[in-house]
Peer 1: 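Dumping the structure here so I can ask a few things about it.
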Amino acid sequence: MSDVLSLTAVIAACAPAFATIPRFPSHPLTSRIAMKVKTRFAPSPTGYLHIGGARTALFSYLYARRHGGSFVLRIEDTDLERSTPEAVNAILEGMAWLGLDYDEGPFYQTKRFDRYKEVIQQLLAEGKAYYCFCSKERLEKLREEQMAQKLKPRYDGCCRDLGRVPKPGEEAVVRFKNPLDGEVVVEDRVKGRVVFQNAELDDLIIARADGSPTYNFTVVVDDMDMEITHVIRGDDHLNNTPRQMNILRALGVEPPVYAHVPMILDEQGKKLSKRTGAASVMEYRDMGYLPEAVLNYLVRLGWSHGDQEIFSLDEMIALFDIEDLNSAASSLNLSKLAWLNQHYMRTLDPQYVARHFRWHLGRRDIDPSNGPAPERVVQVMADRVKTLAEMAAAAEFFYREPQEYEEKAARKNLTPEAVPVLEELRQRLSALPEWTAPAIHEVVAAIAESGGLGMGKVAQPLRVAVSGTSVSPPIDVTLDVVGRESTLRRIDRVLAYIRAQQG
RNA sequence: GCUCCCAUCGUCUAGCGGUCUAGGACGCUGCCCUCUCAAGGCAGAAACCCGGGUUCGAUUCCCGGUGGGAGCGCCA
């Protein structure tokens with residue numbers, strides 16, 4: 001128990017702003033008539049916020065919002081071995097980045113051990129749970145035997161009717177007395193009616209030898225105490241559902257509505273792992289996606305509303321319905337995310353996009369204060385890149401005058417023939433009364449015409465001079481953003497470069 | 001092995017027995033536009049897993065197969 005306390009203390013210390021003290025009614029709810037909708041997201045803090053988790057969180061969030069209900073965040077940290085304060089922060093950070101705000105929580109299960117113990121005692125007292133003294137060795141052997149007989153491994157109920165309490169110092173776990181016959185029907189909102197035979201289930205452990213509660217039990221107690229009305233979670237939990245429903249009923253509570261959403265697979269259709277694909281939400285930020293794009297992408301993965309592809313958060317809230325969820329697993333498709341991301345980079349307020357863009361500039365050690373305003377760069381670059389990370393890379397020349405020129409671009413455009421063109425450009429640009437894109441365009445076009453050259457013969461050497469590459473926004477726009485002073489310096493530099501090549 | 005879930009273009013999906021010679025989107029291909037890269041416009045290739053039923057009629061309903069996936073812990 002002492003490590004429990006120390007872990008929660010560490011969590012509280014690391015995330016003081018979030019370390020809310022849980023307050024629940026001390027008596028379990030026995031009726032939920034006309035309850036307002038309440039959903040929850042209940043991740044276990046063992047790593048990062050998984051993209052699949054983010055999607056079920058989004059669905060839960062949308063459903064609660066849609067129905068004027070509330071959305072609860074609960075941290076399932078009963079696994080003291082694997083839960084870490086860093087992982088808790090990673091989850092909170094991911095939620096915050098996505099903008100999925102919760103109305104209640106985060107609640108920590110490690111702070112509710114007293115409550116779980118109380119319920120365990122209640123079940124014990126009512127004869128709905130019992131102490132089991134079977135050794136791990138015996139259970140292991142049992143499992144092996146059953147496997148050998150091609151049976152599903154499960155507890156044989158050895159201690160079920162012992163009716164014995166552990167002697168002082170004696171090790172014992174507590175098991176739930178699952179009904180021996182009959183069936184449990186899950187009226188799942190996405191999978192439909194799923195029937196489980198109680199005979200397939202066994203008496204699961206609800207308290208370990210050290211007295212700590214186990215997952216399937218804490219979930220039940222929390223969903224009950226927190227008055228969760230709709231449980232939207234990954235379909236890997238579908239098989240746990242009948243057990244949870246049985247415990248809930250033993251506690252005198254009717255189960256919530258369940259909706260088991262399919263899992264997300266990587267681009268190869270395999271299970272998502274840190275190796276094969278971006279599994280963590282924060283990786284998407286790092287790759288340069290906007291939260292709006294990620295949210296829009298996730299909501300369309302397994303959910304649809306006719307042919308509509310673009311959804312603002314408000315639209316999602318207005319249109320989301322569990323009935324429209326798909327029941328099959330879906331694979332990630334990053335190129336679609338990229339398309340959405342570009343859409344949002346182009347259509348969202350440039351000031352807003354620039355806030356995220358600045359972060360990516362920062363990652364490249366670019367200080368935008370000695371260059372064009374980031375929102376301006378966002379406006380001219382959004383059409384030509386898929387991510388903010390790409391944008392930061394492609395926009396670097398706006399903030400740093402090129403020190404060298406891309407090999408191929410230089411060979412093709414920085415030729416002796418370009419010298420007179422660049423010289424004339426330099427002269428006429430420096431004489432320009434107004435530094436605006438239209439004025440710049442006139443100069444470039446006039447030089448092309450008078451020299452009997454195509455626009456490319458003029459714009460390309462200039463582009464290489466200014467950007468160091470053969471790719472940039474339209475040349476007039478590029479120069480406008482770069483500014484006159486810097487443009488002239490860059491032309492001088494490239495002229496020197498060409499002459500040096502000759503010499 | 002047992003239990004449970006799933007199955008429409010490469011991918012996300014629409015379809016809720018006839019309107020399907022199966023629609024949209026991303027991606028892809030071609031053309032147009034063009035100072036580069038894009039963006040944009042237009043056109044195009046591309047799917048109902050297989051086999052049985054039910055029905056006047058199945059992509060849609062039922063069963064079986066096959067193929068994926070999940071669960072079967074003193075993990076969550």
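In what follows, chains carry the letters A, B, and so on, assigned in the order in which the sequence lines appear, proteins first and then strands, with residues in each chain numbered from 1. Just so we're clear, the structure is a prediction, and the values are computed from it rather than from any experiment.
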Peer 1: Answer with yes or no whether A:R154 presents, from its side chain, a donor or acceptor under 3.5 Å of a partner atom in the base of B:rC72.
Peer 2: no
Peer 1: Can you tell me the distance, in whole Å, between the CD atom of A:Q460 and the P atom of B:rC37?
Peer 2: 8 Å
Peer 1: Let's test this: given Watson-Crick or G-U wobble pairing with both distances under 3.5 Å, identify the partner of B:rU21.
Peer 2: none
Peer 1: Under 4.0 Å, heavy atoms only, any strand: does A:P262 hit a base, just the sugar-phosphate, or nothing?
Peer 2: nothing
Peer 1: Looking at B:rG44, which nucleotide sits across from it as a Watson-Crick or G-U wobble partner, both distances under 3.5 angstrom, or is there none?
Peer 2: B:rC28
Peer 1: Give me the ring orientation class for A:F133 and A:Y131: parallel if the planes are under 30° apart, tilted from 30 to 60°, perpendicular past 60°.
Peer 2: tilted
Peer 1: With both distances under 3.5 angstrom, what nucleotide forms a Watson-Crick or G-U wobble pair with B:rC72?
Peer 2: B:rG1
Peer 1: When rounded to the nearest Å, what value does the distance between P atoms of B:rA43 and B:rC4 take?
Peer 2: 50 Å
Peer 1: Quick check on B:rA14: is either OP1 or OP2 less than 4.0 Å from any side-chain nitrogen or oxygen of A:S304?
Peer 2: yes
Peer 1: Pick base, sugar-phosphate or nothing for A:V194, based on heavy-atom distances below 4.0 Å to the nucleic acid.
Peer 2: sugar-phosphate
Peer 1: Quick one: do A:Q460 and A:R463 satisfy side-chain hydrogen bond (donor to acceptor under 3.5 Å, both in side chains)? Show the steps, please.
Peer 2: CA-CA 5 Å; A:Q460 280 307 87; A:R463 173 169 282 118; 2.5 Å; yes
Peer 1: What nucleotide, of B:rC37, B:rU13, B:rC5, holds the atom closest to the side chain of A:K191?
Peer 2: B:rC5
Peer 1: For the C1' atoms, the ones on B:rC48 and on B:rU21, what distance do you get once it is rounded to whole angstrom?
Peer 2: 14 Å
Peer 1: Counting only distance, no hydrogens or angles, is the base of B:rG23 paired donor-acceptor with the side chain of A:D307 under 3.5 Å?
Peer 2: yes
Peer 1: So, do A:N246 and A:N198 sit near enough that their side-chain heavy atoms are less than 4.5 Å apart?
Peer 2: yes
Peer 1: Does the plane of the ring in A:F320 sit parallel, tilted or perpendicular to the ring in A:W303? Use 30° and 60° as the thresholds.
Peer 2: tilted
Peer 1: Grab the CD-P distance between A:Q197 and B:rC72 for me, whole Å please.
Peer 2: 19 Å
Peer 1: Starting from C1' on B:rC72, measure out to CD on A:Q146 and report it in whole angstrom.
Peer 2: 10 Å
Peer 1: Among A:N240, A:T241, A:N239, which residue satisfies the side-chain hydrogen bond (donor to acceptor under 3.5 Å, both in side chains) criterion with A:H260?
Peer 2: A:T241
Peer 1: Roughly, in whole Å, what's the span from CG in A:L151 to P in B:rG1?
Peer 2: 13 Å
Peer 1: How long is the line joining NE2 of A:H305 and P of B:rC16, in whole Å?
Peer 2: 15 Å
Peer 1: Rounded to whole Å, please give me the gap between CG in A:N341 and P in B:rA39.
Peer 2: 13 Å
Peer 1: Who does B:rU66 pair with, Watson-Crick or G-U, both distances under 3.5 Å?
Peer 2: B:rA7
